[in-house]
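Report on the structure given below.
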Amino acid sequence: MGQLSKPRQSATGSALIYLVAIFLFMVAILSINVGLNMYFAPNPDLTSSLVYLSVGVVSIGLVGMTVLRVRRGSSMAGIPPKVLSVVRCAQCSFKQIKSFAMGDYVFKAEGRCSQCGNESLFINGIYAEDLRKRPNMLTG
Amino acid sequence: MYLLEIDRGVKRLDIIRGQAKDLSLKTIKDVGKPSFDPGAQFNVLMEQFLITPVDMDPAGIVGKFDHLLDVRDQKFKDDVRKIAPSADDAQVNNLENLVEASWALNTIYRIVRHFYLLGKKTSSFFIIIQLQSLLPLIMQEAEAYLGAAKAFAEGQPIGDGIGPLVASRLMKDHDKRKVQKDVVVAETTLEDRHIIALKAEGPGGNVGKPGDAIKSLIEENPGKVSMVVMVDAAVKFEGENSGEISEGYGAAIGGIGTERFKIEETATNNRIPVYAVIVKESIQEAITPMKKEILEAGEKVIERIKRLVIERTKPGDTIIVAGIGNTIGIGQ
């Protein structure tokens with residue numbers, strides 16, 4: 001089941017999008033170049049140069065948005081959560097957190113308490129720990 | 001560019017639905033131990049559909065819907081039991097939820113592929129652009145269903161289970177009895193009031209029929225019930241924190257509306273106020289394993305119920321507290 005939580009990324013799809021983005025970026029640079037040349041020419045054609053410059057700027061914007069989206073999409077692809085069971089004793093203050101095991105459920109009896117010796121251990125809660133929210137070891 | 005993006009999305013959806021199907025079949029084989037290959041029957045389940053009743057004359061439509069859903073639930077459960085003969089009742093419920101998650105992913109894939117191919121076939125820029133703009137939300141939902149499938153396969157509590165969790169905390173160490181379809185009830189006291197707590201029977205994946213249960217409890221205690229409090233998970237707005245609690249009025253219960261109708265009708269006929277305490281979470285959080293902040297909200301909900309009970313009722317009054325939601329991974 002390990003492979004379940006992270007669907008395979010379509011590498012060819014990403015590569016193709018990057019290729020189209022690079023092509024569009026080159027078109028945008030070319031367009032801006034033409035636009036600037038027209039603007040600074042001895043007899044400037046103001047309208048055409050503005051059209052070329054606008055096409056260039058809009059293209060760069062679109063390329064930027066697409067690249068950002070592809071990157072965000074791949075970075076968000078599911079990090080599987082770690083599921084934990086909280087075991088508590090009904091008689092004393094004993095509490096233990098363990099990895100969830102198949103068959104665990106809330107209020108399942110877990111047997112004898114190692115602290116007080118009573119048959120009063122039970123699962124008090126089960127929760128998923130979001131691994132993306134773990135504190136950064138460098139920044140705390 | 002848009003077509004490329006959608007094509008990539010459709011391929012990814014295909015992979016996700018394939019993974020959910022593989023997981024479902026693996027779990028059915030592991031838990032249900034069928035003596036035959038369940039693949040063919042599983043594929044039949046994947047293509048099931050429900051024809052909703054005619055609503056041109058809406059009188060009596062709730063009863064029709066209720067009947068239709070009962071038939072569908074029973075048939076689905078029987079079909080799952082057939083392909084998983086060794087599974088016990090709780091496991092059958094979990095497998096049913098798992099198959100439903102796979103069904104949802106299969107349906108999402110089929111719909112997205114339909115509009116993608118239709119957009120390409122008709123060269124309709126507007127179909128393509130609509131699909132492209134919705135795709136991030138669709139992908140998010142699909143990923144959430146995949147997480148749900150894993151939770152259902154392993155029997156882990158999901159975010160939607162916060163209602164049953166609160167009810168089970170109130171029920172703990174008290175005698176339980178079964179009322180109506182898959183609903184358990186226990187009687188307890190809270191701040192000198194008589195509390196009747198109810199939830200779907202766990203720990204198998206189950207939502208029960210709380211509408212019928214509340215109706216029968218009110219009929220069992222004629223004129224005695226002074227308040228109904230419903231606890232449920234509710235979808236938060238972006239920017240709100242998961243696990244935040246809100247109070248409101250009315251029947252807090254999702255679904256197609258049949259259970260809500262029964263609760264509203266019974267409460268109105270008996271002039272009983274219905275209060276709602278909800279725990280906010282995203283749609284994704286509601287169907288994936290329960291997060292810590294949602295689990296921790298359970299204790300705060302009990303405090304809210306206590307406050308509500310003190311403010312709105314007198315000592316000795318009878319109050320129904322209904323924990324609404326899927327009780328997978330939550331016993332009683």
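Chain letters run A, B, ... following the sequence lines, proteins first, then strands; residues in each count from 1. Reckoned from all heavy atoms, side chains included, excluding hydrogens, waters and symmetry mates.
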What's the spacing between Gln156(B) CD and Phe100(A) CZ if we round to 0.5 Å?
->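 Going from the CD atom of Gln156(B) to the CZ atom of Phe100(A) covers 4.5 Å.
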Leu165(B) CG to Asn124(A) CG distance, which is reported to the nearest 0.5 Å =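 Nearest 0.5 Å value for the CG-CG distance: 8.5 Å.
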Over 12 foreign heavy atoms within 6.0 Å of [atom1], [X]:
X         : atom1 : value
Phe94(A)  : CZ    : yes
Tyr145(B) : OH    : no
Lys98(A)  : NZ    : yes
Lys292(B) : NZ    : no
Leu190(B) : CG    : yes
Phe122(A) : CZ    : yes

Ile330(B) versus chain A, heavy atoms under 4.5 Å apart: side chain, backbone, both or neither?
->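 Interface part for Ile330(B): both.
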Minimal non-hydrogen separation, Glu154(B) against Met102(A), with atom names |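 The answer is CA-SD, 3.7 Å.
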Atom of Gly329(B), atom of Ile126(A) and distance for their closest heavy-atom approach =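 Scanning both residues, the minimum pair turns out to be O-CD1, 4.2 Å.
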Interface residue of largest heavy-atom contact number with chain A, from Arg169(B), Glu5(B), Met139(B), Gln91(B), under 4.5 Å =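 Counting heavy-atom pairs under 4.5 Å, the top option is Arg169(B).
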Among Ala151(B), Gly161(B), Gly202(B), Pro157(B), which has the most heavy-atom pairs under 4.5 Å with chain A?
->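 With the most close heavy-atom pairs to chain A, the winner is Pro157(B).
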Does any heavy atom of chain B fall under 4.5 Å from the side chain of Leu84(A), the backbone, both, or neither of them?
->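 For Leu84(A), neither part sits under 4.5 Å from chain B.
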Side chain to side chain contact (heavy atoms under 4.5 Å, CB included) assessment of Phe107(A) paired with Met171(B) = CA-CA 11 Å; Phe107(A) 294 127; Met171(B) 286 175 164; over 6 Å; no
